[in-house]
Amino acid sequence: MLLLLLNFQMSVAQSNNGKTEWFDSNRPATTYCNPINIGYNYTTANHNGIPDSRRSSADPVIIPYKGDYYLFATNQAGFFWSKDLSDWNFVYGSFQRLPGDDDQCAPAAWVVSDTLFYVGSTWKKDHPIWKSANPKSGRWTRHVDVAMLPTWDPAIFQDDDKKVYMYYGSSGKLPLCGVEVDYKTWLPKGNQDDYKKLYAATEVEDIQHPYGEIKPVVNLDPAKHGWERFGPNNDMEPAPWGNFIEGAWMTKHNGKYYMQYGAPATEFKGYANGVHVGNNPLGPFTYQKHNPMSYKPGGFVIGAGHGNTFEDNFGNYWNTGTCKISVKDRFERRIDMFPAGFDKDDIMYSITAYGDYPILLPTEKRDQTKGAFSGWMLLSYKKAATVSSSEDCMEVETHRVDTGGKKVFEKFCYNAPNLTDEDIQSYWSAKTANPGEWLQIDLGRKMRINALQINFADHKATQHNKAMDIYYQYQILMSDDSQNWTLVVDKSKNDKDAPHDFVELTKPIEARYVKMVNIHNASGLFAVSDFRVFGNGLSEKPKTVAGFKVDRNPKDSRNAMIHWNKVPGAVGYTIYYGIAPDKLYNNIMVYEGDSYDFRGLDKGTTYYFTIEAFNESGIGSKAKIIKSE
């Protein structure tokens with residue numbers, strides 16, 4: 001009966017080219033939602049020794065170029081471009097030399113004059129520097145046939161005096177390094193005899209040691225900085241293979257140089273971007289008191305480390321990062337992007353509060369110290385879900401570092417509650433990928449719906465690397481009584497890959513039930529991690545949180561236990577903290593609980609904390625700010 005209804009409604013919608021009263025795929029969006037919705041590449045066959053097909057990317061760099069934005073990231077077989085930071089278009093890159101290998105990891109991109117440059121990470125000594133004045137064509141030429149030396153996680157910065165610098169490093173033992181390079185030859189400026197010796201080096205440790213003008217620029221100090229400690233909750237001391245630093249990036253602001261880096265490891269919730277500040281491009285640099293600069297340890301999207309900072313076409317800053325899934329592979333990851341900037345005291349910050357809810361796209365220069373949250377709340381958290389079928393539970397080999405690197409078999413169930421649990425690591429899967437498989441969410445009462453996010457999962461997928469016939473087709477229907485349905489979103493003819501498909505309605509609709517019906521799945525079974533609904537619950541916001549306290553550990557001030565009283569009707573809580581009452585830039589999102597074990601503070605730093613409760617209808621008032629020394 002449902003399929004007959006679907007076919008009837010499809011015929012009506014198709015007569016208007018898929019457009020409905022509430023959705024038009026040709027209308028530009030005003031918001032986006034993390035993870036960034038690009039056609040994430042599937043890993044190459046047996047990548048990291050793991051045969052399972054899975055999408056992954058990380059280590060993003062977004063570069064404004066000729067009025068558009070270009071996104072480069074790990075192992076994507078090319079790159080993406082967008083006019084508005086929302087609608088991303090894929091272009092194969094001619095710089096991909098080894099399609100079956102890890103050939104495009106942690107790339108760097110930068111602009112010199114009217115030319116866009118690119119280089120990937122490698123320890124090999126044959127990698128070129130690529131350039132293009134028309135990157136949308138996919139054609140790149142070699143600026144330098146063989147780069148100066150093997151480097152991993154490179155970042156390139158051109159100063160106002162036109163001097164060019166490269167920063168690099170990815171290690172649990174060694175610092176990030178920087179060096180001035182000759183733009184024409186891409187050789188380091190300095191004693192060439194030193195570099196001949198360096199180029200002859202064969203060991204990674206030899207390559208990364210500073211020679212001549214190559215200088216160490218940033219290292220970790222986890223004994224003082226709690227957030228730099230290794231482990232799932234910054235709790236592995238000593239770190240099994242060192243406290244990891246990587247992901248260099250340089251930003252210049254008001255004559256100061258902001259040397260950014262990622263730590264402590266990509267597979268942990270505390271993966272963050274830190275920053276040191278100096279007066280020269282090669283330092284010395286001083287640890288910024290407000291750190292980490294970008295941090296997101298809670299919510300659906302977890303992790304904000306190893307990315308870059310860029311300025312949009314309106315003069316607003318953004319910070320990109322890497323978020324984790326880490327189930328099929330600890331390097332199973334996605335990309336996120338958050339509002340960022342420099343405050344009146346030149347403190348560099350990034351606002352990740354409600355950073356996996358819809359965020360306003362830029363249309364003008366704005367103050368981003370409070371972020372750019374749209375105000376559309378999550379309506380679907382732990383709401384009842386029914387489905388057409390469910391895949392059986394099974395023992396799955398996972399690859400988690402918190403087990404000491406050992407392979408672990410865990411029981412995974414692919415049932416309906418996974419659709420609304422706000423856990424990117426769990427997912428529901430139907431038994432097939434057939435047209436007509438469906439899922440349905442009951443919001444509990446009629447609510448105003450503004451947007452949806454469908455996060456597809458790679459369950460029993462068979463695709464490896466890139467293909468141009470990977471896409472999803474579906475329809476979304478809504479109802480007040482689960483009997484009479486209205487077609488709201490028609491993507492029955494979609495041919496663009498959108499694994500984290502964010503659907504912004506052209507106008508809101510009020511409904512209680514939301515149903516998604518599969519038409520075509522990209523690869524594997526029809527599976528969804530979370531089906532997320534955003535809007536307003538049309539009820540009361542939660543009250544102010546009472547009983548809020550921060551108990552800093554007197555023996556180790558990097559740690560604090562945070563407690564509060566639960567608020568009736570609250571879905572979750574957002575804890576804010578910072579180095580001053582007007583600089584509460586960092587946050588921790590917690591669903592349902594009444595405590596948080598926080599291990600991300602710095603010794604010798606006074607912090608200020610507050611908390612707010614939220615639910616489907618909005619955000620409550622913040623509690624009184626607490627000082628913690």
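We count residues from 1, following the sequence as given. If you're wondering where the values come from, they're calculated on a predicted model, not measured in any experiment. When reading the values below, keep in mind they use all heavy atoms of this one structure, side chains included, and skip hydrogens, waters and symmetry mates.
In this structure, Phe614 has its ring center closer than 6.0 angstrom to the ring center of Tyr354. Not less than 6.0 angstrom separates the ring centroid of Tyr258 from the ring centroid of Trp249. You'll find the ring centres of Tyr381 and Tyr591 inside the 6.0 Å limit. If you look at Tyr357 and Phe534, their ring centroids are closer than 6.0 Å. Here the two rings, on His500 and Phe456, have centers that are 6.0 Å apart or farther. Taking the ring centroids of Tyr295 and Trp227, they lie at or beyond the 6.0 Å cut-off. Between His276 and Tyr261, the distance separating the two ring centers is shorter than 6.0 angstrom. If you look at Tyr608 and Tyr577, their ring centroids are not closer than 6.0 Å.
Atoms OG and CG, on Ser121 and Asp153 in that order, are 4.5 Å from each other to the nearest 0.5 Å. Separation of atoms OG1 (Thr30) and CD1 (Ile359) is listed at 12.5 Å; rounding is to 0.5 Å.
Scanning both residues, Leu378 and Glu422, for their nearest heavy atoms gives CD2-CD, 3.4 Å. Across all non-hydrogen atoms, the minimal contact from Leu220 to Pro222 is C-CD, 3.5 Å. When all heavy atoms of Pro175 and Pro216 are compared, the closest pair comes out as CG-CB, 3.7 Å. The two atoms that bring Asp312 and Pro362 nearest to each other are OD2-CB, 3.3 Å, heavy atoms only. Nearest approach of Ile625 to Pro581, heavy atoms of both residues: CD1-O, 3.9 Å. Taking every heavy atom of both residues into account, Trp564 and Val545 meet most closely at CB-CG1, 3.6 Å.
Annotation: side chain of Leu176 is not in contact with side chain of Lys215 (no heavy-atom distance under 4.5 Å). Using a 4.5 Å heavy-atom cutoff, the side chains of Asn37 and Tyr32 are not in contact.
Between the side chains of His225 and Asp602, no donor N or O sits under 3.5 Å from an acceptor N or O. No side-chain donor from either of Ser539 and Ser617 sits under 3.5 Å from a side-chain acceptor of the other. Thr309 and Gln260 form a side-chain donor-acceptor contact under 3.5 Å, judged by distance and modelled atom types alone. Defined by atom type and a distance below 3.5 Å, a donor-acceptor pair is missing between the side-chain atoms of Asp356 and Asn34. Defined by atom type and a distance below 3.5 Å, a donor-acceptor pair is missing between the side-chain atoms of Thr369 and Asp343. No side-chain donor from either of Trp428 and Asn415 sits under 3.5 Å from a side-chain acceptor of the other. No side-chain donor from either of Ser171 and Glu246 sits under 3.5 Å from a side-chain acceptor of the other. Between the side chains of Glu504 and Thr31, at least one donor N or O sits under 3.5 Å from an acceptor N or O. Side-chain contact of Asn455 with Asp530: a donor-acceptor pair under 3.5 Å is absent, judged by distance alone. With no hydrogens or angles considered, a side-chain donor-acceptor pair links Asn273 and Asn319 at under 3.5 Å. Judged by distance alone, the side chains of His459 and Tyr427 do bring a donor and an acceptor atom under 3.5 Å apart.
Contact check on Arg552 versus Glu629 returns no salt bridge, with no Lys/Arg side-chain nitrogen under 4.0 Å from an Asp/Glu carboxylate oxygen. Between Asp421 and Lys382 no salt bridge is recorded (no basic side-chain N to carboxylate O distance below 4.0 Å). No salt bridge links Asp336 with Lys296; every basic N to acidic carboxylate O contact stays at or beyond 4.0 Å. A salt bridge between Lys622 and Glu612 is present, with a side-chain N of the basic residue lying under 4.0 Å from a carboxylate O of the acidic one. Look at Arg54 and Asp458 and you find no salt bridge, because none of the NZ, NE, NH1 or NH2 atoms lies under 4.0 Å from a carboxylate O. Remark: Lys365 does not engage Glu311 in a salt bridge, criterion side-chain N to carboxylate O under 4.0 Å. Between Glu510 and Arg445 there is no salt bridge, since no side-chain nitrogen of the basic residue lies less than 4.0 Å from a carboxylate oxygen of the acidic one.
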**OP:** For Tyr69 and Asn313, run side-chain contact (heavy atoms from CB on, under 4.5 Å): C-alpha distance rounded to whole Å, both residues' side-chain angles, the deciding distance at 0.1 Å, then the answer.
**Re:** CA-CA 9 Å; Tyr69 303 97; Asn313 293 332; 3.1 Å; yes
**OP:** For side-chain contact (heavy atoms from CB on, under 4.5 Å), just list the numbers for Ile335 and Leu71, CA-CA rounded to whole Å, side-chain angles, deciding distance to a tenth of an Å, and then say yes or no.
**Re:** CA-CA 10 Å; Ile335 293 168; Leu71 191 164; 4.2 Å; yes
**OP:** Assess whether side-chain contact (heavy atoms from CB on, under 4.5 Å) is satisfied between Val327 and Phe412, documenting all intermediate values.
**Re:** CA-CA 10 Å; Val327 173; Phe412 274 71; 3.7 Å; yes
Subject >> Chi angles and distances behind the salt bridge (Lys or Arg N to Asp or Glu O under 4.0 Å) call for Asp345, Lys583 >> reply: CA-CA 10 Å; Asp345 300 312; Lys583 299 182 189 296; 2.8 Å; yes
Subject >> Verdict with reasoning, Glu237 to Arg599, per salt bridge (Lys or Arg N to Asp or Glu O under 4.0 Å) >> reply: CA-CA 12 Å; Glu237 289 185 298; Arg599 304 188 180 195; over 6 Å; no
**OP:** List the steps, then state whether side-chain contact (heavy atoms from CB on, under 4.5 Å) holds for Leu452 with Phe531.
**Re:** CA-CA 7 Å; Leu452 309 107; Phe531 186 90; 3.7 Å; yes
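Proximity of a side-chain donor or acceptor of Gln288 to a complementary backbone N or O of Met348 within less than 3.5 Å is detected. The backbone N or O of Ala623 sits less than 3.5 Å from a side-chain atom of Thr610, completing a donor-acceptor pair. A distance-only check finds a donor-acceptor pair linking the side chain of Ser56 to the backbone of Phe331 [under 3.5 Å]. Under the 3.5 Å distance criterion, the side-chain polar atoms of Tyr287 are left unmatched by any main-chain donor or acceptor of Gly274. Formation of a donor-acceptor pair under 3.5 Å by the Asn316 side chain with backbone atoms of Arg366 is found in this model. Judged by distance alone, with hydrogens and angles left aside, the side-chain atoms of Arg330 form no donor-acceptor pair with the main-chain N or O of Phe268 at under 3.5 Å. Of the possible polar contacts, none joining the Arg532 side chain to the Gln453 backbone as a donor-acceptor pair under 3.5 Å is found. In this structure, Asn48 contributes its side chain and Ile50 its backbone to no donor-acceptor pair below 3.5 Å. Side-chain atoms of Asn586 do not come within 3.5 Å of backbone N or O of Gly578 as any donor-acceptor pair. Asn279 contributes no side-chain N or O that, together with a main-chain N or O of Tyr257, makes up a donor-acceptor pair within less than 3.5 Å.
Residue Glu540 places its CD atom among 12 or fewer non-hydrogen atoms of other residues, nucleotides or ligands, all under 6.0 Å distant. Atom NZ of Lys446 has 12 or fewer heavy atoms from other residues, nucleotides or ligands within 6.0 Å. Remark: Lys252 NZ is packed, more than 12 non-hydrogen atoms of other residues, nucleotides or ligands lying under 6.0 Å away.
The side-chain hydrogen bond (donor to acceptor under 3.5 Å, both in side chains) with Arg333 is formed by just one residue from the set Thr74, Thr266, Thr322; it is Thr266.
Because its NZ or CZ atom is not both nearer than 6.0 Å to the ring centre of Phe548 and within 45° of the ring axis, Lys624 does not count as a cation-pi partner of that residue. In this structure, Arg334 satisfies the cation-pi test against Tyr40, with its NZ or CZ atom closer than 6.0 Å to the six-membered ring centre and inside 45 degrees of the ring normal.
In this structure, Tyr167 and Tyr165 have parallel ring planes: the angle between them is below the 30° cut-off, well short of the 60° mark.
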